[in-house]
Amino acid sequence: PSISLPEPMASNLRIDVTYDPRAYFAMQQNSVPMVQLLRLTNLGDEDLVDLDVTVATVPELAAPWTRRVSAVPHGATYNLPDVDLHLRADALVAVTERTHGSLRVSVKQGETVVAETELPLDVLAYNEWPGAGSLPAVLAAFDRARPSVVFHLAAQALVRASYESPLETFSTNVMGT
């Protein structure tokens with residue numbers, strides 16, 4: 001599942017990122033975007049102009065992505081929905097054990113850092129995938145494999161549990177475990 005974490009209030013610019021907190025080889029192979037939305041909110045009394053926004057991963061799984069934002073007026077929000085962070089296949093296929101990293105977002109005005117945030121990132125081993133709970137990964141896997149038949153075998157087997165947690169039962173029966 002994607003998560004969205006706001007930047008702690010350290011400056012007049014708030015950074016919100018909606019992203020998948022996992023990086024994995026199948027994500028790169030199926031062109032599943034890691035960052036769905038990057039949002040900058042100017043909480044100050046003055047316009048912020050000529051901003052350079054950089055997104056990078058640690059470890060370096062992709063070349064840093066940079067975009068120039070001409071202005072974020074005071075009190076306004078600027079959305080960057082097309083953060084095209086190109087994950088490197090060679091970096092992800094070399095991961096043999098799950099490891100922890102980070103997604104770093106930095107906003108500069110000239111040489112001055114206006115705001116930055118570092119978000120948690122799990123880097124999965126090359127032969128791992130995040131499971132049925134990650135809809136983009138599931139869709140990409142089906143699109144790539146194009147199976148002619150699919151067997152869906154997940155279900156809540158306990159009737160009492162299904163009455164006690166009907167929403168969880170529905171989710172299990174439809175999406176799997």
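These values consider heavy atoms only, across backbone and side chains, with no hydrogens, waters or symmetry-generated copies.
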Assess the residue pair Gln28 and Leu61 against the criterion (side chain to side chain contact (heavy atoms under 4.5 Å, CB included)); give the C-alpha distance rounded to whole Å, side-chain angles, the decisive distance to 0.1 Å, and a yes or no.
CA-CA 10 Å; Gln28 185 277 334; Leu61 304 172; over 6 Å; no
Criterion side chain to side chain contact (heavy atoms under 4.5 Å, CB included) on Val123 and His100, from CA distance to verdict:
CA-CA 6 Å; Val123 182; His100 300 290; over 6 Å; no
How long is the gap from NE2 on His86 to OG on Ser31, to the nearest 0.5 Å?
9.0 Å
With side chains defined as the heavy atoms from C-beta onward, is the minimum distance between Leu92 and Tyr24 less than 4.5 Å?
no
Supply the atom-to-atom distance Asp50 CG to Lys108 NZ, rounded to the nearest 0.5 angstrom.
15.0 Å
What closest approach, in Å, do Thr54 and Pro64 show between heavy atoms, and which atom pair accounts for it?
CG2-CB, 4.1 Å
Exactly one of Asp82, Val55, Val83, Asp52 clears side-chain contact (heavy atoms from CB on, under 4.5 Å) with Arg67, and that residue is Asp82
Would Val72 end up clustered with Val113 when hydrophobic side chains under 4.5 Å apart are linked, directly or stepwise?
no
Tell me if a side-chain donor or acceptor on Glu97 pairs with a main-chain N or O of Ala125 at a distance below 3.5 Å.
no
Which atoms form the tightest heavy-atom contact between Ala62 and Leu85, and what is the distance?
CB-CG, 3.9 Å
Does some side-chain heavy atom of Leu121 sit less than 4.5 Å from a side-chain heavy atom of Arg22?
no
Smallest heavy-atom separation, Phe25 atom then Tyr126 atom, equals CB-O, 3.6 Å
Go through the steps to decide whether Arg68 and Leu51 satisfy the test side chain to side chain contact (heavy atoms under 4.5 Å, CB included), and finish with yes or no.
CA-CA 6 Å; Arg68 170 61 66 105; Leu51 302 174; 5.9 Å; no
Find out whether Tyr19 and Leu119 are in side-chain contact, i.e. whether some heavy atom of one side chain is under 4.5 Å from a heavy atom of the other.
yes
Rounded distance (nearest 0.5 Å) linking atom CD of Gln109 with atom CG of Leu13
9.5 Å
Look at atom CG of Asp90 and say whether more than 12 heavy atoms of other residues, nucleotides or ligands are closer to it than 6.0 Å.
yes
Nearest heavy-atom approach of Pro73 to Asn42 is O-CB, 3.4 Å
Side chain to side chain contact (heavy atoms under 4.5 Å, CB included) filter on Val53, not counting sequence neighbours, yields Leu38, Leu40, Trp65, Val69, Leu80, Val105, Val107
Between Arg98 and Glu128, does any NZ, NE, NH1 or NH2 come within less than 4.0 Å of an OD or OE carboxylate oxygen?
yes
Kindly indicate, with the supporting measurements, whether the criterion side chain to side chain contact (heavy atoms under 4.5 Å, CB included) is fulfilled by Val58 and Glu60.
CA-CA 5 Å; Val58 175; Glu60 189 177 319; over 6 Å; no
Is a side-chain donor or acceptor of Gln36 paired with a backbone partner of Pro33 at a separation under 3.5 angstrom?
yes
Is it the case that the side chain of Thr57 and the backbone of Pro59 share a donor-acceptor pair, with hydrogens and angles ignored and the cut-off at 3.5 Å?
yes
From Arg104 CZ over to Thr117 OG1, what is the distance, rounded to the nearest 0.5 angstrom?
11.0 Å
Would you say the side chain of Asp20 lies within less than 4.5 Å of the side chain of Val32, judging by non-hydrogen atoms?
no
Taking Asn79 for its side chain and Pro81 for its backbone only, find out whether a donor-acceptor pair lies under 3.5 Å.
no
For residues Thr41 and Thr77, is any side-chain donor paired with an opposing acceptor at under 3.5 Å?
yes
Would you tell me whether Asp47 and His74 have side-chain atoms, one donor and one acceptor, within less than 3.5 Å of each other?
yes
